[in-house]
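Worksheet: the structure to be examined is printed underneath.
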Amino acid sequence: MAVPRKAITRYTMALSIRAQALSEPDPKFFFWEVMRNIWDPDTNPNGFVSLGVAENVLMHDRLSEHMHRNMALPNQGLTYGDGKKRLKRALARFLTRQLHPVVAVEPAHLTIANGCSSALEHAAWAFGDPGDVFLLGRPYYGTFVADMTLRMGTQLATVDFGDADPLGMDGVQRYEAAMLDARARGKRVAGLVVAHPHNPLGRSYPREVLLALMRLCETHRVHLVSDEIYALSTFTNSVDRDCEAAAAFESVLALDTAGVIDPALVHVIWGVSKDFGANGLRLGALISQHSPGLHQALVPASLYSSSSSMSDHVVANVLEDDGWIDAYLGENRGKLAESHAHVVRWARGHDIEYVPGVNAAFFLWVNLGRAYRTRHADVEGDIDGVVNEALLRHKVFLASGVQFGSERPGWFRIVFTQRRDHLDEGLRRIVAAVDEG
């Protein structure tokens, strides 16, 4: 029986303080409401079109075919398993082949988790005590906030860049200023977290910037955590001028740390959610090549976020098939480039400002606030809220810059890795929302 509304306070008083803080519905968090009511041209034409969730469906048929052809789950898959030996061997070999690390990745360098969010939680737990701070540059992937703080008791110090490029050398100075400010406030800085390639900007950090961040972390004895979940979702941008200046992706594992940073301070997050379009498989890894104590400490802690034996089996089947992977990644890159170009042409055609130079990941960062103000000169107040309400009235869901720590108002993230009919319907609704009278 549903709990009467008036009784909720009495029931929640039995909860811990941290649970009480989360027990009331958050009106800003309507993700599952959207996901339960997704648009379909035939069966649900009045549903939401979601271009706000970072999922890549472009290669689902290819991945599904491989998975079903090679399923054959052994009986051991119904047990607690053998410590993920086969998966770790396959993943270590795959990462060595794809990321070109200076030191080959070994099974002992990996802690497996049920997704990259869990792997990031492990990093927050292992590197920071309650009250310790992790640096995070703006704009950032919104869920980093919960990943790093919700259950760990650690905190974030967000970094402002102003007119500086968040992925440029000037940005390194802003990180150091934020680090020194946090320490002046009596906070211990435990780590610096970057999304590389960047979410939501869709670019990679240049080699010289990564090395500068490493030197900064070494100077202040701070962990560098590089979330490389989009490492293999890179593509050629043929629609933006001067895009050849954008850095190609290079893993931090591929950089020689000698004389730069203690390698025990360098860690990578990777999983199958993005590069293989398999968010639902829930499998990620924390890769740390020079911290055996870290992996030992995570043995008991990771019990509570272990991936399933079914996922382990399916992923190992995929990662062991080199020829299939090479063909898959090549086709995926072509489709990413095509979908990105399609959305860029749409943005230009409707005079919508966007951040150019994207050559990785699934999204375009667009200024819908400016587009709305251009069409409605008398609009006042919170432009983020105004635009978001217009989008929801037209039943299109985007991730707002407010949730991504954007320094400038009016910016939203459009995910372009959906079926073309779904994408075009969403783009049509966005235009209708900013054009509405």
Side-chain angles (χ1 to χ4, degrees), residues 34-45 47-73 77 87 90-91 94 97-98 114-116 197 199 202 229-236 238 270-284 307-346 358-364 396-397 414-428:
V34 171
M35 298 305 287
R36 286 191 293 264
N37 187 22
I38 289 295
W39 173 82
D40 183 275
D42 300 317
T43 63
N44 192 26
F48 281 94
V49 174
S50 173
L51 300 181
V53 181
E55 293 182 326
N56 179 6
V57 309
L58 301 177
M59 296 290 290
H60 275 181
D61 288 344
R62 179 65 63 88
L63 179 63
S64 180
E65 187 276 333
H66 187 282
M67 287 170 52
H68 285 87
R69 176 163 44 88
N70 295 281
M71 184 65 72
L73 183 70
L87 174 64
L91 182 54
F94 167 83
R97 189 167 179 264
Q98 297 295 334
N114 60 352
C116 289
N199 180 359
I229 195 171
Y230 293 99
L232 307 179
S233 297
T234 58
F235 55 90
T236 299
S238 59
W270 185 85
V272 299
S273 295
K274 313 305 180 183
D275 290 338
F276 287 97
N279 298 48
L281 284 182
R282 311 307 307 138
L283 194 143
S307 58
S308 75
S309 296
M310 177 76 80
S311 292
D312 296 352
H313 176 72
V314 167
V315 172
N317 282 342
V318 170
L319 299 184
E320 291 169 348
D321 194 339
D322 292 349
W324 184 89
I325 284 175
D326 292 344
Y328 176 96
L329 293 177
E331 184 178 350
N332 186 49
R333 288 184 171 114
K335 289 189 174 185
L336 290 172
E338 182 182 351
S339 288
H340 166 262
H342 182 71
V343 177
V344 166
R345 287 191 288 266
W346 164 85
V358 171
N359 61 1
F362 306 162
F363 14 80
L364 197 67
V396 58
F397 171 65
I414 296 178
V415 175
F416 53 72
T417 46
Q418 289 288 339
R419 294 190 330 263
R420 183 57 59 88
D421 63 335
H422 189 106
L423 177 59
D424 284 344
E425 177 65 14
L427 297 177
R428 183 191 69 77

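Quick caveat, the model's predicted, so the values are computed rather than measured.
Ring pair F94/W270 is tilted by interplanar angle, where 30° to 60° counts as tilted. Classification of the F416-F235 ring pair by plane angle, with boundaries at 30° and 60°, yields perpendicular. Using cut-offs of 30° and 60° on the angle between ring planes, the pair Y230 and F362 is perpendicular.
Expressed to the nearest 0.5 Å, how far CD of Q418 lies from CG of L427 amounts to 11.0 Å. With rounding to the nearest 0.5 angstrom, the NE2 atom of H340 is 11.5 Å from the OG1 atom of T236. Rounding to the nearest 0.5 Å places CZ of F397 at 8.5 Å from CE of M35. Rounded to the nearest 0.5 angstrom, C116 SG and R282 CZ are separated by 8.0 Å. Atom CZ of F276 and atom CE of M59 lie 9.5 Å apart (nearest 0.5 Å). Here the CG atom belonging to L63 is positioned 7.0 Å from the CG atom belonging to L281, to the nearest 0.5 angstrom.
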Chi angles and distances behind the side-chain hydrogen bond (donor to acceptor under 3.5 Å, both in side chains) call for N332, N56: CA-CA 9 Å; N332 186 49; N56 179 6; 3.0 Å; yes

Trace of the side-chain hydrogen bond (donor to acceptor under 3.5 Å, both in side chains) decision for H313 with S309: CA-CA 6 Å; H313 176 72; S309 296; over 6 Å; no

Criterion side-chain hydrogen bond (donor to acceptor under 3.5 Å, both in side chains) on T234 and R333, from CA distance to verdict: CA-CA 6 Å; T234 58; R333 288 184 171 114; 3.2 Å; yes

Derivation and outcome, side-chain contact (heavy atoms from CB on, under 4.5 Å), residues H422 and D40: CA-CA 8 Å; H422 189 106; D40 183 275; over 6 Å; no

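Nearest heavy-atom pair, N317 versus N70, reported as atom, atom and distance to 0.1 Å: ND2-O, 2.6 Å. When all heavy atoms are compared, the tightest approach of A231 to D275 is N-OD2, 3.6 Å. When all heavy atoms are compared, the tightest approach of R69 to W324 is NH2-CD1, 4.4 Å. The minimum heavy-atom distance between S339 and L58, with the atom names listed, is OG-CD1, 3.7 Å. A pairwise comparison of heavy atoms in P41 and D421 identifies CG-OD2, 4.2 Å as the closest pair.
A 4.5 Å side-chain heavy-atom check between L51 and L423 finds at least one atom pair inside the cut-off. Counting only heavy atoms from C-beta outward, the side chains of N44 and N37 approach each other to under 4.5 Å. Using a 4.5 Å cut-off on side-chain heavy atoms (C-beta onward), V53 and S50 make contact. Annotation: side chain of Q98 is in contact with side chain of I325 (closest heavy-atom distance under 4.5 Å). Inter-residue side-chain proximity for F363 and N199 is flagged as met; some heavy-atom pair is nearer than 4.5 Å. Counting heavy atoms from C-beta on, the side chains of N114 and L283 never come closer than 4.5 Å. Under the 4.5 Å side-chain criterion, counting only non-hydrogen atoms from C-beta, R420 is in contact with E338.
When atom types are taken as modelled, the side chain of T417 and the backbone of E55 share a donor-acceptor pair closer than 3.5 angstrom. Side chain of H68 to main chain of S64: a donor-acceptor pair is present (N/O by atom type, distance under 3.5 Å, no hydrogens or angles). For the pair K274 (side chain) and I229 (backbone), a donor-acceptor distance under 3.5 Å is absent.
Residue M310 qualifies as open at atom CE: its count of foreign heavy atoms under 6.0 Å is 12 or below.
Taking a cutoff of 4.0 Å between a charged side-chain nitrogen and a carboxylate oxygen, E425 and R428 qualify as a salt bridge. A salt bridge links D326 with R97; the closest basic N to acidic carboxylate O contact falls under 4.0 Å.
Donor-acceptor pairing under 3.5 Å is recorded for the side chains of D424 and H342.
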